Amino acid sequence: MIAGTPFTLGSPETCLGVGLLAVLLADMVLARTHQQLTAWLAVLTAAVAMAIAWHTPVAGLPFGTPARTAAIAIIGLVLLANTRVGEQDHGAWSTNVLAIGLGASLTASAADFVTLWLGLELMSLPGYVLAGWRARDRRAAEAGMKYVLFGGVASALTLFGISHLYGLTGQLDFGLAAPAGPLSPTLVAALCLSTIGLGYKLTVVPFHFYAPDVYQGAPAIAVAAVSIAPKIAAMAAVVRLLTNLPFAGADLALAGLAIVSLGIACFTALVQHDARRILAFSGIGHAGALLLAAACLPGQALGATLHYLLAYGAANLGAFVCLWLLEPKNGSGALADLAGAWTRRPGITALLSLFLLSLAGLPPLAGFLAKWNVLAMALQRDAGVADRPWVTWGAVALLLSTPIAAWAYLQILRAAVLALPPPETTRESRRPDAGAMAVLAICAAATLGLGLWFDAASTLDAMAR
Amino acid sequence: MAEFGPDSLPAYLLVAGVLFAAGVLAIGTRRSAISVLIGIELMLNAAALQFVAYDRFATTPGPQGQAAAAFVIVVAAAEAAVALALLFAVYKTTRDVDLESTRELRS
């Protein structure tokens, strides 16, 4: 029996749950003139939960502590970026974003399959709501519907797999009572079904097909909320699953998924005409790289995975906030709509370039070092490391896909920087406020800092071990 | 477990399997989003039935399976509520919840 993390009064989940209810209550009782308080209350809740998460180790999984903290930090930054009350029903927005944080925290600390499923659902349900946030917008509604239907199928398949795992082993812990010897084929089949939910949250091929549509249709800031923190939390769950239930062929399965994800993502990104669709395929490719890092477990892979998650999270959050500020208010990420961004808002366009170049893997930014660490891990030939041909092929795929994916990012930059604005510039974009600028500053500092922190992998590995 | 009767594990698993297959069939063949939603609910309930069945016929029946089933019931209700709200939002904009004709988002 693996010791799960006890649900105590001092856990970040409690803090997020209480804060969430407080925001909901404040939204109902406060007068319209004081609604701004609910936005700050939500940011405060996330900040306190982050501090608690940092000081509360996840039982049995040192990797979970920084991952959980990072996921809650991302949620806090998303809340901080959008504190302007009045545009929409802000109390409901804050509640849903905090609920995603609660689900991410639960997922990252889950030690059994039902808690994992519950955490995934708790991240998904508010995500569906956020995706369809502008209910009168036809595209947002369609994004929400696709998200909830595909997500529901993934969730049902996951649960069906879990119920078989329970029947076959009488256990729900990740270790499944650690069956000696090779796993039986039925158990492997049930295990594959029960990990579909994780693949869905990580947007790994073949569970990725919803991502481009949802990213395109939902508001950019909502995409930042539903995509990054869940990915970090799901990665923590993957690491825990691999640590507690090591089975032969895990590296083959993970590297295989990584190769398919990297390959499909980089080529499909080339033919997109929407900045957010390109970022969706970028997320699929990065999920492949993360799985490649997980395929190298054990070793120093924990540090490399964590560094990759942080680098990806900072750059991706920054990119989505930039797009949210640059896009016209009624929200479309079409490349044509980005034309003239450089003349309208040069500062934010410059930051967008920074984040996109980091995602593309250009030195000296964080994305480069993150990719470098994963490649070094996958190509490692030490005495203690067994021969893993599939991981080597995964490294080759990562190496080959990087320049192709970089070309797709350059398409966004070309539209934002070089393309001339249309003559009738009546489109109104959001005015960046102090909160959004602070988020962009933090993301930019992290993108630069993580890129120059050369011994990040070994330092983070010591923390996550 | 050996014999197949009205009160045996295989009987429950058979019912769960039929429910699950019906759900998969609904998702695979129907064009209406409502039917897909019903299919999802059928699959979730098949899983819940398996949890309680496995729990009842386990050598050491514990609370785990029953607790899992209780969670499934609650989450399935929440999921149905969210999904119906989103389908309603789609219906308000397009007067239709046909999955084939709702195709505004594409590359």
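Reminder, nothing fancy here: chain letters follow the sequence lines and each chain counts from 1. No experiment lies behind these values; they were computed from the predicted model shown.
- Considering CD of B:Gln50 and OH of A:Tyr166, their distance stands at 12.5 Å, rounded to 0.5 Å.
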Full working for side chain to side chain contact (heavy atoms under 4.5 Å, CB included) between A:Leu168 and B:Tyr54: CA-CA 9 Å; A:Leu168 289 169; B:Tyr54 277 131; 5.6 Å; no
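- The nearest pair of heavy atoms linking B:Leu44 to A:Ala156 is CD2-CA, 3.8 Å.
- A:Glu121 touches chain B through its side chain: at least one heavy atom from C-beta onward sits under 4.5 Å away, while N, CA, C and O do not.
- The minimum heavy-atom distance linking B:Gln64 with A:Gly170 is given by the pair OE1-O, 4.1 Å.
- Contact of A:Leu122 with chain B is not made at all, since no heavy-atom distance falls under 4.5 Å.
- Heavy-atom distances place no part of B:Val24 under 4.5 Å from chain A, backbone and side chain included.
- For the pair B:Phe20 and A:Leu157, the minimum side-chain heavy-atom distance is below 4.5 Å.
- Counting all heavy atoms, side chain and backbone alike, A:Leu125 lies closest to B:Ala78 at CD1-CB, 3.7 Å.
- Interface with chain B: from residues 144-154 of chain A, residues A:Gly144, A:Met145, A:Lys146, A:Val148, A:Leu149, A:Gly151, A:Gly152, A:Val153 qualify, criterion being any non-hydrogen pair under 4.5 Å.
- Only the side chain of A:Leu118 comes within contact range of chain B, with at least one heavy atom under 4.5 Å from a heavy atom of that chain.
- With sequence neighbours excluded, the residues that form a side chain to side chain donor-acceptor pair (under 3.5 Å) with A:Thr203 are A:Lys231.
- Both the backbone and the side chain of B:Phe51 come within contact range of chain A, judged by heavy atoms closer than 4.5 Å.
- Looking at A:Phe160 and B:Met43, their side chains never come closer than 4.5 Å, going by heavy atoms from C-beta outward.
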Side chain to side chain contact (heavy atoms under 4.5 Å, CB included) between B:Val82 and A:Ser124, worked out: CA-CA 10 Å; B:Val82 170; A:Ser124 297; over 6 Å; no
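- Here B:Asp55 is the residue among B:Asp55, B:Thr94, B:Asn45, B:Ile27 with the most heavy-atom pairs under 4.5 Å with chain A.
- Contact count versus chain A (heavy atoms, under 4.5 Å) is highest, among B:Ala81, B:Gly65, B:Ala58, for B:Gly65.
- Here the shortest heavy-atom pairing between B:Ala68 and A:Val114 reads CB-CG2, 3.7 Å.
- Interface remark: A:Ala143 contributes backbone and side-chain atoms alike to the contact with chain B (heavy atom separation under 4.5 Å).
- More than 12 heavy atoms of other shown residues, nucleotides or ligands fall within 6.0 angstrom of atom CZ in A:Phe209.
- Within 6.0 Å of CZ in B:Phe57 there are more than 12 heavy atoms belonging to other residues, nucleotides or ligands.
- B:Leu86 approaches A:Gly132 most closely through the heavy-atom pair CD2-CA, 3.9 Å.
- The nearest pair of heavy atoms linking A:Ser163 to B:Ala47 is CB-O, 3.7 Å.
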